[in-house]
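Only one structure is covered here, and it is reproduced in the block below.
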Amino acid sequence: MRKAGRLAAQALDMLVPLIHPGMPTDKIDSLLMEYALGHGAVPATLNYRGYRYASCTSINHVVCHGMPNAKPLKDGDIVNIDVTLIVDGWHGDTSRMYAVGNVKRRPERLIEITYKSLMLGVAAVRPGATTGDIGAAIQRYAESEGCSVVRDFCGHGLGRVFHDRPNILHYGEPGEGIILEPGMLFTIEPMINLGKPHVKILADGWTAVTRDRELSAQFEHTVGVTETGVEIFTASPKGFDCPPYKIDQAA
Ligand code: MF3
Ligand code: CO
Ligand code: CO
């Protein structure tokens, strides 16, 4: 899990200096595909339930599962890039937000709130806590900032399998759900909206968008429960965990 998580995080690091207005998301996807294959990994999403790409690229009001395409990114866009790499049979699943060119304060603030939501969820992980403690920490904070938590998608157990039990809801009450034990492996991947939480799936069968077309953001880490707390497998080796990414660090 350490190797898979680290490689997935390094793949997202690799993109930091490359994302710019005018770049199409299918270029990002091919860079991730090359990176994976060049490092002995396979993207888990390729041919997963009919999905055909190495990543999901979800722009602005796209909540998740945006499919890479030839359309160029625009100045001011915010985009989530989600990649899952299989290394030695183990899955490392992570996503981050990227700001394209100059982003306005509203989307920038959503990105900050969403990253903090993820990290508050991670901080709730320890033996004896419950999955509901994770969701409650995320929901309490995101809603206190006037945002909403998407209900239609959740984090998930993973390891040798991509999507396994338990479900990790990003909302709920403390003490609900199952009790966390050392050795459990799962993702936390809150999708936070500026408007209402409701989503719809486009006719392509994959792309999830906000019904009110307001902005949505997401960050995802793969974590493990340790004897004393939590280990994040997908932390950025370059410190590019949340924008603004200091580009000179990438050199
Ligand atoms: N990586 C996504 C997740 O966080 C799953 C994408 S499945 C796909 O679980 F088929 F849409 F790629
Ligand atoms: Co995931
Ligand atoms: Co993912």
Side-chain angles (χ1 to χ4, degrees), residues 1 4-13 15 25-26 28-33 35-36 41-59 62-69 79-87 90-98 114-115 117-119 121-122 125 131 134-135 138 149-171 184-192 199-209 216-225 230 232-236 241-242:
M1 289 305 288
R6 184 176 175 85
L7 193 69
Q10 285 171 324
L12 294 184
D13 284 355
L15 295 173
T25 48
D26 59 9
I28 295 168
D29 193 68
S30 60
L31 287 166
L32 288 169
M33 185 71 201
Y35 190 89
V42 179
T45 54
L46 205 61
N47 301 316
Y48 176 78
R49 299 182 178 215
Y51 194 79
R52 312 205 136 277
Y53 305 93
S55 61
C56 298
T57 53
S58 303
I59 303 167
V62 179
V63 172
C64 64
H65 303 166
M67 288 190 286
N69 61 35
V79 58
N80 174 276
I81 303 176
D82 189 338
V83 68
T84 307
L85 297 185
I86 310 173
V87 178
W90 297 89
H91 291 70
D93 185 4
T94 184
S95 82
R96 292 179 210 157
M97 298 303 297
Y98 296 74
T114 305
Y115 180 69
S117 297
L118 167 63
M119 297 315 285
V122 170
V125 176
T131 54
I134 301 170
I138 292 167
V149 177
V150 171
R151 307 292 204 271
D152 299 62
F153 302 95
C154 57
H156 49 93
L158 81 175
R160 291 196 171 275
V161 173
F162 187 4
H163 291 116
D164 204 347
R165 289 189 291 185
N167 284 338
I168 305 295
L169 305 186
H170 303 117
Y171 59 95
M184 285 181 174
L185 305 167
F186 51 84
T187 73
I188 306 176
E189 49 182 301
M191 285 139 276
I192 305 296
V199 314
K200 67 175 181 186
I201 310 293
L202 299 186
D204 60 29
W206 284 104
T207 311
V209 300
S216 185
Q218 180 179 26
F219 286 84
E220 176 176 24
H221 273 317
T222 295
V223 306
V225 184
V230 63
I232 301 174
F233 297 120
T234 48
S236 166
D241 288 293
C242 179

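Counting convention: from 1, in listed order, for ligands and their atoms alike.
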Between D13 and R96, does any side-chain N to carboxylate O distance fall below 4.0 Å? yes

_H170 vs E189, side-chain hydrogen bond (donor to acceptor under 3.5 Å, both in side chains): CA-CA, chis, key distance, verdict_ = CA-CA 8 Å; H170 303 117; E189 49 182 301; 6.0 Å; no

re atom 9 (O) of ligand 1, the protein heavy-atom contact at minimum distance is H163 NE2, 2.7 Å

Q: Report yes or no: does D93 have a heavy atom closer than 4.0 Å to ligand 1?
A: yes

H156 heavy atoms within 4.0 Å reach ligand 1 at atoms 3 (C), 4 (O), 9 (O)

* Look at the side chain of T222 and the backbone N and O of G92, then say whether any donor-acceptor pair between them is shorter than 3.5 Å. => no

Requested in this report: Check whether any heavy atom of F162 sits under 4.0 Å from an atom of ligand 1.
Outcome: yes

Numbered in order shown, the ligand 1 atoms found under 4.0 Å of a heavy atom of T84 are 1 (N)

A student checking ligand 1 against H65 at a 4.0 Å heavy-atom cut-off should list atoms 6 (C), 11 (F)

Worksheet entry | Side-chain touch T57/N80, heavy atoms, less than 4.5 angstrom | no

Per residue D82, nearest N, O or S atom to the Co ion (ligand 3) is named OD1

- Query: Do M67 and D29 have side chains that get closer than 4.5 Å, going by heavy atoms?
  - Reply: no

Checklist entry - Does the side chain of F153 reach to within under 4.5 Å of the side chain of Q218, using non-hydrogen atoms? => result no

Inset, instruction - Check whether any N, O or S atom of H163, backbone or side chain, sits closer than 2.8 Å to the Co ion (ligand 2). - result: no

* Asked: How about Y53 and D26: do any of their side-chain heavy atoms sit closer than 4.5 Å?
  -> no

Quiz item: Within the stated cut-off of 2.8 Å, is an N/O/S atom of D93 closer than that to the Co ion (ligand 3)?
Solution: yes

Checking heavy atoms under 4.0 Å, the part of C56 that sits near ligand 1 is side chain

Among the N/O/S atoms of E220, the Co ion (ligand 2) lies closest to OE2

Could you check whether any side-chain heavy atom of L85 comes within less than 4.5 Å of a side-chain heavy atom of Q10, counting everything from C-beta outward?
no

Ligand 1 atoms nearer than 4.0 angstrom to some heavy atom of E189 are 3 (C), 4 (O), 9 (O)

The protein heavy atom nearest to atom 1 (N) of ligand 1 is D82 OD1, 3.1 Å

The OE2(E189)-the Co ion (ligand 2)-NE2(H156) angle, to 10°, is 90°

Counting from 1 in the order shown, the ligand 1 atoms closer than 4.0 Å to a non-hydrogen atom of W206 are 8 (C), 10 (F), 11 (F)

**Asked** Going by distance only, is there an N or O of T45 that falls short of 3.5 Å from an N or O of ligand 1?
**Response** no

| task | Return the orientation label for the F162 and H91 ring planes: parallel under 30°, perpendicular over 60°, tilted otherwise. | result | parallel

**OP:** Side-chain contact test, heavy atoms from C-beta onward, threshold under 4.5 Å: evaluate it for T234 versus D93 and give yes or no.
**Re:** no

